J.: 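Structure incoming, see below.
In the text below, chain A, chain B and the rest are named by the order of the sequence lines, each starting its count at 1. Bear in mind that the values here come from a model prediction, so they are computed numbers and not experimental data.
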Protein chains: 4
Amino acid sequence: MRKTPRQARSRALVEAILEAGARILSVEGWAGFTTNAVAERAGVSIGSLYQYFPDKLALTDAIRQRHLDDCMAVLRLSQDAALSPDAFAAGLARAMISAHLKHPGLHRVLLDEAPASSDYRNPQSVFEQAYLACFEAAVARYRGEANRVAALVLSDAIDGIVHNAARRGMLAEPEVERELVAVVLASLALRTRPSS
Amino acid sequence: MRKTPRQARSRALVEAILEAGARILSVEGWAGFTTNAVAERAGVSIGSLYQYFPDKLALTDAIRQRHLDDCMAVLRLSQDAALSPDAFAAGLARAMISAHLKHPGLHRVLLDEAPASSDYRNPQSVFEQAYLACFEAAVARYRGEANRVAALVLSDAIDGIVHNAARRGMLAEPEVERELVAVVLASLALRTRPSS
Amino acid sequence: MRKTPRQARSRALVEAILEAGARILSVEGWAGFTTNAVAERAGVSIGSLYQYFPDKLALTDAIRQRHLDDCMAVLRLSQDAALSPDAFAAGLARAMISAHLKHPGLHRVLLDEAPASSDYRNPQSVFEQAYLACFEAAVARYRGEANRVAALVLSDAIDGIVHNAARRGMLAEPEVERELVAVVLASLALRTRPSS
Amino acid sequence: MRKTPRQARSRALVEAILEAGARILSVEGWAGFTTNAVAERAGVSIGSLYQYFPDKLALTDAIRQRHLDDCMAVLRLSQDAALSPDAFAAGLARAMISAHLKHPGLHRVLLDEAPASSDYRNPQSVFEQAYLACFEAAVARYRGEANRVAALVLSDAIDGIVHNAARRGMLAEPEVERELVAVVLASLALRTRPSS
DNA sequence: GATGAATGAGACTTCATTCAT
DNA sequence: AATGAATGAAGTCTCATTCAT
């Protein structure tokens with residue numbers, strides 16, 4: 001950000017911009033996400049937007065950061081070493097679904113369409129490290145082995161299930177949640193080479 | 001298409017355009033996919049492109065159609081009622097991975113970013129019907145029950161795994177394929193409510 | 001208009017665009033009337049033009065509307081029930097000529113070449129209604145009969161005379177004005193079937 | 001024309017092009033008049049069109065020339081020194097109307113929109129000389145005076161009446177023809193300064 | 001001669017960004 | 001600090017014209 005908002009008014013302004021941007025990205029996708037549209041939706045002048053974000057990329061990054069923080073918060077809540085596998089899978093599925101219910105399209109747009117300044121999806125990035133750590137811990141806990149790739153694949157499978165359900169408007173359907181739980185559970189019950 | 005290419009030269013030209021478009025979509029994403037860039041990469045004038053495609057959307061549709069046809073062809077090959085679950089899962093994983101190896105980013109861009117004239121990802125569309133039918137058949141065969149949602153979730157999980165692996169450049173790694181096989185197999189071995 | 005200009009600068013900008021557009025249409029015709037040319041002639045960027053006019057057609061309509069308003073204003077001034085036929089014809093001729101002196105080619109281009117969003121030249125359009133009403137009133141007054149077609153033909157004859165004189169650069173010649181007065185007067189002096 | 005067609009086939013080809021061009025100009029206006037459209041409508045390849053016409057302007061000129069020749073032919077037929085004023089006016093009106101019935105919009109498009117290589121509407125041009133000569137002769141005959149401007153104004157009034165009637169689709173209405181006759185007759189009955 | 005695929009200059013329009021007020 | 005009018009590079013698409021077959 002170009003400058004840190006210190007006063008209450010400034011913080012509210014930045015908040016309004018981020019929220020307006022998230023909503024536009026979610027509803028209209030990357031194509032409808034123009035800086036002028038965001039400013040207008042936020043009830044702010046385009047000039048003010050550029051006071052706090054040097055360019056469109058910085059704005060996008062800020063929206064993404066906020067969204068990923070939300071996701072991590074929700075994900076961490078589902079981490080509890082004392083849970084049974086069933087309870088863990090149920091909690092994780094519930095957490096992932098609820099994290100996407102507010103802006104169903106946002107996650108996909110931010111991760112698939114929107115350009116990013118840093119390669120935050122690289123396995124070495126801060127976010128991905130923290131995100132994957134949760135899954136690696138769960139794999140270690142329930143499968144009894146450290147397996148980085150298995151954690152990656154599990155998180156990717158969940159990602160695909162949730163993001164496609166969101167696109168189809170099926171995110172809230174109990175059947176989807178039930179199947180998601182089943183897939184997570186099955187993945188965690190596996191040893192690495194089940195076929196041998 | 002605006003005009004059907006009849007002569008050999010025309011067919012080669014259309015082929016060059018489609019190939020150049022696929023490559024650009026794969027490597028540079030939707031943002032780099034400009035009609036002028038496609039024409040230039042194809043070694044063709046922009047006017048020639050518009051002789052065969054009435055607008056950018058039609059070009060996008062044509063590239064997508066060709067890609068989906070390839071995917072369906074590969075998918076159908078993996079369908080064989082006589083296969084054991086292990087063999088089926090292995091064949092399916094191999095098929096999905098190989099379908100994405102040529103243009104790793106293409107699938108994601110075409111399905112997530114590129115606008116389409118018809119809603120081909122609607123569950124009622126011709127493509128999605130055919131695509132899901134394969135998964136429904138497999139679920140019925142190996143889980144012994146018809147379960148539309150389970151088929152949907154399985155195909156979405158595979159989609160997530162393959163598309164994220166492609167983004168990370170891990171599509172060719174044997175470990176990924178092994179885990180993909182495991183997830184497919186686990187999903188097919190499930191009864192609907194494994195926890196009850 | 002996309003935006004209503006509120007500040008003095010904006011109004012001047014819109015004014016400059018309309019004036020530049022009118023001049024280009026008048027001098028170079030529809031073929032030279034490109035949005036970039038209008039912006040450049042107005043000393044304004046192309047983006048500014050599009051802030052106020054959503055597309056080329058809207059700009060054309062605005063220029064036409066302004067011109068037609070000018071014409072109607074000038075025409076209404078010549079309407080005075082107390083005038084003698086001679087005085088009326090003289091006033092009308094003077095009015096029509098002066099309405100075209102500023103941009104001699106504009107009228108023809110706007111009415112014959114430039115596409116319009118609505119069919120303003122349809123006899124039922126608001127403008128044509130008002131315009132023809134003046135001529136119908138004059139015909140009724142001086143010929144003593146209501147005759148819609150006669151009014152139409154009179155206005156068309158004047159149109160032809162003025163617009164061809166403009167093209168020939170003869171609009172300011174006294175002889176043309178004299179003959180125009182004569183034709184108007186003769187038309188108003190007629191009974192419908194003068195030969196029978 | 002680039003080359004003179006000598007053989008029967010060539011003459012038919014040129015004929016087809018001119019006719020197709022006239023029809024397109026009449027029906028779709030200058031905007032729809034593209035060289036490719038003309039060639040296609042004529043059932044001829046675009047290359048063949050360019051064999052006989054070096055560019056679009058030459059094609060336009062040829063179509064115009066043919067149309068003006070038709071007009072002159074029809075106009076000359078109405079010239080007969082022995083006619084009474086009434087009979088002359090009736091014949092002239094009939095001639096002008098019938099000259100425009102085949103392609104009602106063509107005349108206007110050719111004279112107002114289509115660019116021309118030479119300034120054929122300049123009073124000094126060959127066509128205008130011949131055309132105006134007819135009107136000057138009539139003015140001299142029936143008004144008993146040589147008056148170039150009166151002839152010009154009369155021909156322009158007729159032009160306006162006919163061309164606007166064509167646009168309104170009223171060209172065939174008897175009332176229009178009757179009023180046209182009346183205007184012509186009144187113009188020819190005038191002395192130059194009727195008001196003094 | 002005839003064909004029509006190919007060319008590319010140029011038109012319309014959008015939107016990220018700046019800067020005078 | 002805030003505003004929003006203004007900018008102009010860049011993208012999509014058309015159509016007059018050429019030239020290899």
Side-chain angles (χ1 to χ4, degrees), chain A residues 3 5 7 9-10 13 31-40 44-57 59, chain B residues 2-3 5-14 31-40 43-59, chain C residues 2-3 5-14 31-40 43-57 59, chain D residues 3 5-7 9-10 13 31-40 44-57 59:
Chain A
K3 38 182 149 178
Q7 304 179 8
R9 182 154 65 126
S10 307
L13 186 151
F33 182 73
T34 70
T35 52
N36 282 290
V38 171
E40 187 177 9
V44 151
S45 81
I46 181 66
S48 292
L49 188 156
Y50 275 89
Q51 290 269 334
Y52 291 101
F53 301 97
D55 57 22
K56 193 180 184 180
L57 192 52
L59 171 59
Chain B
R2 188 175 267 183
K3 222 196 274 191
R6 291 180 196 289
Q7 305 181 8
R9 181 151 69 123
S10 313
R11 259 181 281 116
L13 184 150
V14 166
F33 182 72
T34 72
T35 53
N36 279 297
V38 172
E40 188 175 6
V44 149
S45 82
I46 182 63
S48 291
L49 189 157
Y50 278 91
Q51 291 246 336
Y52 294 100
F53 302 96
D55 56 23
K56 192 180 181 177
L57 192 53
L59 171 59
Chain C
R2 188 173 266 184
K3 220 196 276 193
R6 291 180 195 290
Q7 305 181 7
R9 182 151 67 123
S10 312
R11 258 181 282 116
L13 185 150
V14 167
F33 182 73
T34 71
T35 52
N36 280 296
V38 172
E40 189 175 8
V44 149
S45 83
I46 183 64
S48 291
L49 189 157
Y50 278 91
Q51 291 246 336
Y52 294 101
F53 302 97
D55 57 22
K56 192 180 182 179
L57 191 54
L59 172 58
Chain D
K3 35 181 149 178
R6 293 182 193 288
Q7 303 179 9
R9 182 154 67 127
S10 308
L13 185 151
F33 181 73
T34 71
T35 52
N36 282 291
V38 171
E40 187 177 9
V44 151
S45 81
I46 182 65
S48 293
L49 188 156
Y50 275 88
Q51 291 270 332
Y52 293 101
F53 302 95
D55 57 22
K56 194 180 183 180
L57 192 53
L59 171 59

J.: Closest approach to the side chain of Lys56(B), judged atom by atom: which nucleotide of dT13(E), dC13(F), dA6(E) is it?
T.: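 Comparing dT13(E), dC13(F), dA6(E) against the side chain of Lys56(B), the answer is dC13(F).
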
J.: Judged by each residue's nearest nucleotide on DNA chain F, which is more toward the 5′ side, Gly47(D) or Ala31(B)?
T.: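 It is Ala31(B) whose nearest nucleotide is closer to the 5' end.
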
J.: When rounded to the nearest 0.5 angstrom, what distance separates CG in Leu59(C) from CZ in Phe33(C)?
T.: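 So the gap between those two atoms works out to 4.0 Å.
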
J.: Should Tyr50(D) be listed as having a side-chain N or O under 4.0 Å from OP1 or OP2 of dT17(F)?
T.: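 Yes, Tyr50(D) has a side-chain N/O under 4.0 Å of OP1/OP2 on dT17(F).
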
J.: Starting from the 5' end of DNA chain E, give me the residue, Leu49(B) or Asp55(C), whose nearest nucleotide shows up first.
T.: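 Its nearest nucleotide lies further toward 5', so the answer is Leu49(B).
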
J.: So, under a plain 3.5 Å distance rule, would you say the side chain of Gln51(B) forms a donor-acceptor pair with the base of dA5(E)?
T.: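 Answer is no: no donor-acceptor pair is held.
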
J.: Would you mind telling me which of dA9(F), dG11(F), dA5(E) lies closest to the side-chain atoms of Ile46(D)?
T.: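 From the listed options, dA5(E) comes nearest.
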
J.: If you count every heavy atom of other residues, nucleotides or ligands that lies below 6.0 Å from Glu40(D) atom CD, does the total exceed 12?
T.: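 No - once you tally the heavy atoms of other residues, nucleotides and ligands closer than 6.0 Å, there are 12 at most.
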
J.: Please confirm whether the shortest side-chain N or O distance from Ser45(D) to OP1 or OP2 of dT3(E) is below 4.0 Å.
T.: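 Checking Ser45(D) against dT3(E): at least one side-chain N or O falls below 4.0 Å of OP1 or OP2.
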
J.: Under 4.0 Å between any heavy atoms, over every strand shown, what does Asn36(C) touch: base, sugar-phosphate, or nothing? Just pick one.
T.: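 Base contact.
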
J.: Applying a 4.0 Å non-hydrogen cut-off, can you work out what Ser48(C) is touching in the nucleic acid: base, sugar-phosphate, or nothing?
T.: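 Base contact.
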
J.: Nearest heavy atom decides the nucleotide; on that basis, is Val44(C) or Pro54(B) closer to the 5' end of DNA chain F?
T.: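 Nearest-nucleotide comparison on DNA chain F picks Val44(C).
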
J.: Base, sugar-phosphate, or nothing for Thr35(A), non-hydrogen atoms under 4.0 angstrom?
T.: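 The residue Thr35(A) makes base contact.
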
J.: Given the rule in the side-chain contact (heavy atoms from CB on, under 4.5 Å) test, do Phe53(A) and Thr35(A) qualify, once you have shown the distances and angles that lead to the verdict?
T.: CA-CA 10 Å; Phe53(A) 301 97; Thr35(A) 52; over 6 Å; no

